[in-house]
Structures are given as C-alpha cells and as structure tokens.
Amino acid sequence: MPLPTLASGGLHLRRTLDSGQAFRWRWETSPDGSEIAVGILGRHRVRVSQDARGIHVLPPTSAAGRDALVGYLALGTRHRRGGSDRAALPAIESALAQDPVLARILPHTRGTGLLVQNPWEVVISFIISQNNNIPKIARSIDHLARALGEPLGDGVHAFPTPERLAAAHPRTLRACHLGYRAPYVREGARRVADGRLDLDALRVLPEDRARDALREVPGIGDKVADCILLFALGRAATFPVDVWVRRAVERLYFRGQRRSMRELRAFARERFGPLAGYAQQHLFAYARGHFRDPRDS
DNA sequence: GGGCAGGTGTAAT
DNA sequence: ATTACACCTGCC
C-alpha cells in the first residue's frame, strides 16, 4: 500500500493549507465531489484529500512525495523533533481553549496546523508578501517557478533554487510582477546562495538571534522574519503581527484600543507562551473571516 | 482616480 | 522608541 490513508491527528487539511502560510496549493474537485489539494513539495507533485477516515495521499503522488507530505503536514511527529516538543494538535487546542476568546474562535478554526516548510521557499515567499495580497503573492511565486524552477512534468515546476534565482536576469524578475520587491528577492537569493544567510544554522540559534540574522536581509523586517521562524523553522512560540492579527488582538483583547507592536508582542508572549504561533493562526483566520470590513466586529 | 493590500526602509521627532 | 511617508502592482 504505497499511498495509505493517514490518521488526521486533529489536522483540518483545508483550513491548514488555506491559512496563508503556504502559497502553492490549488484545489480541484474530484468526480465524486470531494476536494483534492494539489501541491509541490520539493521536486514532488502531491495530491491529497481528507474525509472522516483520514488524510488520503492520492495518485500520482510518489512514495517519496508521500514521505515529504507526512513531514510537511507534521503527521506522525507527536514526539520530539529538533529538540522541541510538538504536541498533538488536539492537546494544543485544549490548552488554547483555556483562553475565553480563543475558546469562542476555535470552533471556526479548529485543526489549523503549522506546516513544516522549506525555509528557503518561505524566505522568498514572505519577502514577496510584504504590502501585498494573497492572490498576487501566489501569482508571483507561480511565475518564478515557471521561469526559473526545475520542470517536473505536466507544466509543473519546482520552486527555484537560490542559485538560479540569484542569477536571474532583472527582466525575468520583472516579468514575475514583484515590483519594488524584486531587488529584495534577488539579494535574499544571493545571500542564501553564497552562504551569508545560512538557514540551517538558524535552526540551532536562540529565537532572537535567528530573527536578527534574518532581519539583516533587506526586505525582511520583524513580520516577515517571524513568519519564517514560525512557518519553516519550527519556532511555535513566534507571533507574527500583521494587520489582521493586530485588528483581532486589539478588538478582542483591548476593546479596540490601539496598541504598539511592542505591546502586542509582549501580550502574546504572556498570554499564549510557547503556543503563541498557534494562537496567531486562529486569530488570523478568525479576523479574516469576520473583520473583512474594518468597521464591523 | 484614490485607496488599499498579511511591510519595510528611511527620515524626522 | 514611535510616527509619517513612499513604494510596484492589481483590483475596487
């Protein structure tokens, strides 16, 4: 059975893949009406769906693709990884539900997990994300992959390597609609390619040191650095504050009063501790669902 | 057309 | 340590 059904472990596939932490997933509807996520993990094109029985890895996903998916979704990693505990999602959500605000939100967002993504891809993806919106971010990344990524067949391309991206002609980047972010992307790629930014080395640094190292790259500020730490480097205590999370925290915890970035970070650390990253995911999802119009609550 | 979108760099306070 | 502004681009 090369493509088994995997225990969901409390993971809600759709909520997780659509939560804004990854940009290369597409959804298709199968003949029986079920929804199938199609994505690219490294050099593997993978297809996956979920129903009451669990998470199904679907053809033509290879065995290697299946393994990549298990790691990516953090399935079967109930115990220690990289020296830190990764508790099962239901246990995490039970802990978060001690907070009355999250207890109210969780029914809408339960199952939103943190992915274990490739740091290089996350660095570039979130540099592109600044002052941008999700459809446009996804489009730019898709353009980059087509222009510079290894072809994997069927018109699908891997994410470009640092070397290829660093060597890309400005004209090529221009065609990816990166706008003023193009020089940031290029410089980030150069630094990863030549070792000035050693992403693997960041894994063993204290969180603050790793954030400082990331912030040295032009185009990476506090928010993008936090996203990289949370979505690719396993730092679940990190609390990226974007406009949506800010809105959610200020309205739900501070009666709509404006708080400084510093206050918001301190709040998250005190309130959610090592699970702040998960709390952020829930607050973000809820805010996007309910605060679309800045006037309503 | 002006404003905004999952920020950041820069200059000024 | 905070605040104001510009910024590619696509969309309303």
Side-chain angles (χ1 to χ4, degrees), chain A residues 15-25 105 108-109 112 114-115 117 121-144 147 168-189 191 197 208 211-232 235 238-252 254 257-268 276-296:
Chain A
R15 286 177 184 167
T16 300
L17 297 183
D18 285 352
S19 67
Q21 55 185 314
F23 300 99
R24 296 200 75 194
W25 290 96
I105 291 176
H108 304 280
T109 62
T112 306
L114 290 171
L115 300 169
Q117 298 189 67
E121 179 169 339
V122 172
V123 163
I124 298 303
S125 297
F126 279 86
I127 286 176
I128 294 171
S129 81
Q130 68 169 79
N131 193 28
N132 210 342
N133 55 52
I134 290 174
K136 203 144 67 75
I137 297 163
R139 210 173 310 144
S140 286
I141 293 171
D142 195 50
H143 277 120
L144 282 175
H169 191 101
R171 186 164 57 232
T172 304
L173 295 186
R174 167 130 187 70
C176 296
H177 308 285
L178 302 173
Y180 63 85
R181 308 167 193 82
Y184 299 156
V185 167
R186 186 180 174 78
E187 180 61 17
R191 292 191 186 199
L197 178 60
D208 289 344
R211 181 181 294 102
D212 290 344
L214 288 166
R215 282 188 41 112
E216 287 179 22
V217 179
I220 299 182
D222 282 322
K223 194 272 181 179
V224 169
D226 281 351
C227 285
I228 297 164
L229 290 168
L230 182 59
F231 300 141
R235 308 303 176 96
T238 310
F239 191 81
V241 179
D242 57 48
V243 56
W244 294 103
V245 170
R246 173 170 219 154
R247 265 172 213 164
V249 172
E250 287 175 348
R251 290 185 193 188
L252 298 173
F254 293 100
Q257 296 167 21
R258 183 96 179 160
R259 294 286 105 128
S260 71
M261 244 357 132
R262 181 185 184 72
E263 288 172 310
L264 293 170
R265 289 160 160 281
F267 163 80
Y278 288 91
Q280 187 269 358
Q281 289 296 95
H282 296 292
L283 291 167
F284 176 72
Y286 186 78
R288 287 204 59 120
H290 294 78
F291 299 161
R292 215 96 249 286
D293 185 332
R295 283 162 311 199
D296 61 32

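We name chains A, B, ... by the order of the sequence lines, and we start the count at 1 in each one. All values below come from the heavy atoms of this structure, side chains included, with hydrogens, waters and symmetry mates left out.
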Query raised in the report: Atom CZ in A/Arg288, atom CZ in A/Arg247: separation rounded to 0.5 Å?
Result: 9.5 Å
Query - Gap between atom CD1 of A/Ile137 and atom CD1 of A/Ile127 - 0.5 Å precision - result: 12.5 Å
Have a look at [X] and say if it touches a base, only the backbone sugar-phosphate, or nothing, with a 4.0 Å heavy-atom cut-off.
X: A/Gly221; result: sugar-phosphate
X: A/Phe231; result: base
X: A/Asn131; result: base
X: A/Ser125; result: nothing
X: A/Ile134; result: base
X: A/Arg258; result: nothing

Atom-to-atom span, [atom1] of [X] to [atom2] of [N] - whole angstrom:
X: A/Asn132; N: B/dC4; atom1: CG; atom2: P; answer: 16 Å
X: A/Ile220; N: B/dG7; atom1: CD1; atom2: P; answer: 15 Å
X: A/Leu214; N: B/dG9; atom1: CG; atom2: P; answer: 12 Å
X: A/Arg139; N: B/dA5; atom1: CZ; atom2: C1'; answer: 12 Å
X: A/Phe239; N: B/dG6; atom1: CZ; atom2: C1'; answer: 13 Å
X: A/Lys136; N: B/dG7; atom1: NZ; atom2: P; answer: 12 Å
X: A/Ile128; N: B/dG7; atom1: CD1; atom2: P; answer: 14 Å
X: A/Met261; N: B/dG7; atom1: CE; atom2: P; answer: 9 Å

Query - B/dG2 and C/dC7, which share atom name P, separated by this distance in whole Å - result: 15 Å
Query raised in the report: Between B/dT8 and C/dC11, how far is it from one P atom to the other, in whole Å?
Result: 24 Å
Query raised in the report: Would you say A/His177 and A/Lys136 make side-chain contact, with heavy atoms under 4.5 Å?
Result: no
**Report entry** Any side-chain heavy-atom pair of A/Val123 and A/Val217 under 4.5 Å
**Finding:** no
Query raised in the report: Stem ranges for DNA chain C, with three or more consecutive Watson-Crick or G-U pairs under 3.5 Å?
Result: B:2-5 with C:9-12, B:7-13 with C:1-7
Query raised in the report: Looking only at N and O atoms, is any donor in the side chain of A/Tyr184 or the base of B/dG7 less than 3.5 Å from an acceptor on the other one?
Result: no
**Report entry** Ring geometry between A/Tyr184 and A/Tyr180 (parallel below 30°, tilted from 30 to 60°, perpendicular above 60°)
**Finding:** perpendicular
Query raised in the report: Given B/dT8, is OP1 or OP2 found less than 4.0 Å from the side-chain N or O atoms of A/Arg181?
Result: no
Query raised in the report: What about A/Phe126 and A/Phe23, are their ring centers closer than 6.0 Å?
Result: yes
Report task. Would you grab the first and last nucleotide of DNA chain C (5' to 3') that comes under 4.0 Å of any non-hydrogen atom in chain A? Result -> C/dT2 to C/dG10
Requested in this report: Please confirm whether the backbone N or O of A/Leu230 pairs with a side-chain atom of A/Gln280, one donor and one acceptor, at under 3.5 Å?
Outcome: no
Query raised in the report: Sub-3.5 Å donor-acceptor pair from the side chain of A/Arg181 to the main-chain atoms of A/Asn131, do we have one?
Result: yes
Query raised in the report: Taking the nucleotide of DNA chain B with the closest heavy atom to each, which residue, A/Pro218 or A/Gln281, is nearer the 5' end?
Result: A/Gln281
Requested in this report: Give a yes or no on whether a salt bridge exists between A/Asp212 and A/Arg215, defined as a side-chain N under 4.0 angstrom from a carboxylate O.
Outcome: no
Report summary line: Residues passing the side-chain hydrogen bond (donor to acceptor under 3.5 Å, both in side chains) test with A/Arg191, sequence neighbours excluded, are A/Glu187
Report task. Select from A/Gln130 and A/Asn133 the residue whose nearest nucleotide in DNA chain C is closer to the 5' end of that strand. Result -> A/Gln130
